[in-house]
Amino acid sequence: MLRYAASRLLRAILTIWIAVTVTFFLLRLLPADPTLLVVEGDMTPEMQEALRSQYGLDKPLLQQYGLYLGQLVQGNLGVSFRQLVPVTDLLLSRLPWTLLLAGSAFVLTLLIGIPLGVYAAVGRGGAVDRSVQFFGITSNALFIPSVAILLLVVFGSNLGWFPIGQAIDPDTRGLAAYASLLHHLALPLFSLVLVQLGPYALTLRTNMAEVLGEDYITSARSRGLTPRRVVWRHALRNAVLPALMLMGLQLGTLIGGAVLTETVFAYPGVGRLIFESVQQLDFPVLQGAFVVLAVTVVLANLLTDLLSMVLNPRIRT
Amino acid sequence: MNGKITRVRATSAALVVAAMVAVTGCSLNEGGDTSEAGSGSGEQSAPATLRIGTTTDVENYNPLQSLSKTDSWILNATYPALLRIDRDAQKVPELAEEYTTEDGGSTVVFHLRDDFEWTDGTPVTANDVAFTAQAIMDYQLGNVAAKLTWVESIEVRDEQTVAFHLTEPYAPFAEGVGFWMRIVPEHIFSEAGDLSQFANDSDWVGAGAYILDSVTPGQRYTLKANENYPYAPEGGAAVETVEYVVYPDINTMILALRNGDIDLMGTPVPISAVASIESDENIAIESVESLGFAHLTYNVQHPVLADQAVRQALSMVVDTESIIATILQGDGQQMTGPISPIFAEYDNTELEPYPFDPAAARTLLEEAGYTDADGDGTFDDLTFEVVCDQSNANLTRVAEVVRDDAAEAGIQLDLACIERNTFLSRTRSGDYDIDLSQWGVFDNPMDQLRSTYLSSNPGGINYNLVQDPELDALVNDAATTDDHDAFVEKIKNIDAYVHDQALLTPLYVEDFRFAYRGDRFTGFDPSPSDLLGMVTGYSLSQVTTVD
């Protein structure tokens, strides 16, 4: 068991190192040059060189990589090219918003997705099942920015129920501030959940349907347990693990979705920071954000692995 | 049982969401943002807050090195410049009430107003100007360093007089430096150490019309009116607070304007959205000209494009009038030669544009000896790659129109409209045949001609890669001319020379449309270009509220 945990941990560290390395070299392979993204033309080659040296881009690539790794293991994500402030500070100022948005979307997707999947699997071929399948396929095809702008037009602009963009009304304090926070959160959260939910419910439906066909379910039924008890206590216990793992795997998609959602809804999270940093080719910020995201995804996967180890006796031995 | 599970699930969900809200709540409005609660609920006429939509966060608060457009909006309001530009692209006094030249133009003297004050009560003096220029030269900061290339020494004559001694006369020195250089407080910046590493991200001390006051990262930037700003109307500016609110998506920003969440879009309205915005009775639209222009520029290092006849033929396959009418929906002006008509005094109006005539272009090429051996309608050597920035929707459409018209003349154009960063990289390195792009801001014709055509390539934007001793001589001669009339004449001559050489095919000077809540505010004094538009500190200080 310990060996399993250790091997998973090692694999997680290796994955993070690969992600960091690939990000570093991919950014440097871009044909564009961050020192050229100035407001207007008048910049002599000498000034460009001065900027390049200020950004540390004049050093050989491997040396830059070594310096970067050295800083990284000390927990230093570097300093933003453009804003001249530590990347950690930038990320920390944005991270709570992304945690709130993506985290709530994660929880809501689980909470709504599990019953949807279960009911669809139990009543296979019925109205609920057909609706879930239809919804699953449709939601899988939705493109977040289109959904987001549609929601903004209908519920923000036409009906006026929700604010357009931003995360909170700056003039609110105390409880009103929390209310404003939720008010602003509603539309981005809804669009993210809408897009995540369908594929999730569909996969859960398939898992659940498989579990329901297994022998121990038949035997539970034959012992005279109520169908409800069979489904929710016995079947779900075995289906929920893959459901959790599935969410762990979907975390990457969720974060990708958050980038788009945050951009359209003007939500001040890490996703939007990435969008802005791509435009400005702010390498340190991009690297920092990718490291944080990679660590998040890898940790989530590690946790689901360890969780499944605890819950699944076959892995434990 | 099921009910119990549901309750447990609901409770845990509530707990999780509450925990997340609490995590975020650490930064909830309690710190960071200094806005007062309950604004707008007062019975008396509350001080006005004008909210402006911006597309990105501020990248850099250091006015000496900030390079982005949206930074400029906020920093230009906070830090004064010596001169500002008016609606007709004329330089007018700001911190400097006038400038004079001495020694045949090799000394430029700025005479400052005596009533500008930093927000900590220190007067703005010639020392601040000298310190700012020296710091920019010492650290080679931003794009102003190029404007100071000629400075040999700076002399502070008294509190209100500062003289720049130049290595040689440079005619537009005062205008360029006056307009682009934001003056910073010496007593603050001299304490900051290495100015290339100075973030200047708190406790701002400015002397512009509005001073940056507080920042909520990722969301908004609040500026307060400077009570001592000398150009504010009697009794102070009506807009006491300016808030920049970030909307990365332009469609979201338009919705926010329509809903009244913001009062002014800092960025121009896309042509495609103008009609829908115009129909909204609460929204007013102001149109301003551009200080840049769209153009096709030919890489004369290309062996075929080095031929003047080919460039002239290419100029004859561009139907500028129809491009303006259809793609810009009439929101632009045609131009001939490299000088924009916005600089009315310098524009050589005697120039005739190349006629749109693909058949005549074909004839011209045949006369120049080009052949079509395989008879496929395309000349054998006349295939060129056109690079353009795909984020500019107008230009990608122009590219298609020009390609189709060029084909009629037997010229094959292969389009490479590419991602902006890659596009910039390719144009900067000369890796293209024809460049289809739009210059951003040229505040004076001389700087423009020098940057774009001098073979020494001082501004790095000689996209033609032209190395023409005759053109060099014309540019250098004009640059050192102190006599104004002679200077204007020389600019016109360069205009004619470049036009005859067909180094570029100018396309249009775009008109930008800015949308604002006309039901709430009026009295803007906009400046040309999308860099300045409606959001200069001066313009904002002139705004009044609509009752």
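Hydrogens, waters and symmetry mates play no part in the numbers below; they use all other heavy atoms, side chains included. Convention: sequence-line order gives letters A, B, ...; per-chain numbering from 1.
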Kindly compute the distance separating CG (Asp57(B)) from CG (Leu273(A)), expressed to the nearest 0.5 Å.
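CG of Leu273(A) is found 8.0 Å from CG of Asp57(B).
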
Rounded to the nearest 0.5 Å, how far does CD1 of Ile164(A) lie from CG of Asp249(B)?
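Result: 11.5 Å between the selected atoms.
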
Is it the side chain or the backbone of Phe198(B) that comes within 4.5 Å of chain A heavy atoms, both, or neither?
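Just its backbone gets close to chain A.
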
Using non-hydrogen atoms only, which part of Asp261(B) is less than 4.5 Å away from chain A: side chain, backbone, both, or neither?
side chain

Indicate yes or no: at least one non-hydrogen side-chain atom of Val246(B) is less than 4.5 angstrom from one of Arg272(A).
yes

Any side-chain heavy atom of Glu59(B) sitting closer than 4.5 Å to one from Asp282(A)?
no

Among Arg426(B), Gln197(B), Arg258(B), residue most engaged with chain A (heavy-atom pairs, under 4.5 Å)
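So the answer, after comparing Arg426(B), Gln197(B), Arg258(B), is Gln197(B).
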
For chain A, the option from Thr452(B), Thr252(B), Ile262(B) that forms the most heavy-atom pairs under 4.5 Å
Thr252(B)

Is chain B contacted by the side chain of Phe275(A), its backbone, both, or neither, given a heavy-atom distance below 4.5 Å?
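The side chain, not the backbone.
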
Please look at Val85(A) and chain B and tell me whether the side chain, the backbone, both or neither of the residue comes under 4.5 angstrom of a heavy atom of that chain.
side chain

Quick one: which of Leu101(A), Leu90(A), Val264(A), Leu95(A) has the most heavy-atom pairs under 4.5 Å with chain B, could you say?
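The residue among Leu101(A), Leu90(A), Val264(A), Leu95(A) with the greatest pair count is Val264(A).
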
Do you know which of Ala167(A), Ala148(A), Ser80(A), Pro145(A) has the most heavy-atom pairs under 4.5 Å to chain B?
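Ranked by contacts with chain B, first place is Ala167(A).
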
Are there residues of residues 151-161 of chain A that reach to under 4.5 Å of chain B by heavy atoms, and which ones?
Leu152(A), Val153(A), Gly156(A), Ser157(A)

Between Gln219(B) and Trp97(A), does a side-chain contact (heavy atoms from CB on, under 4.5 Å) hold up when you go through it step by step?
CA-CA 11 Å; Gln219(B) 297 184 73; Trp97(A) 296 110; 3.7 Å; yes

Contact summary for Pro268(A) and Gly218(B), nearest pair of heavy atoms
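Reported closest heavy-atom pair: CB-O, 3.6 Å.
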
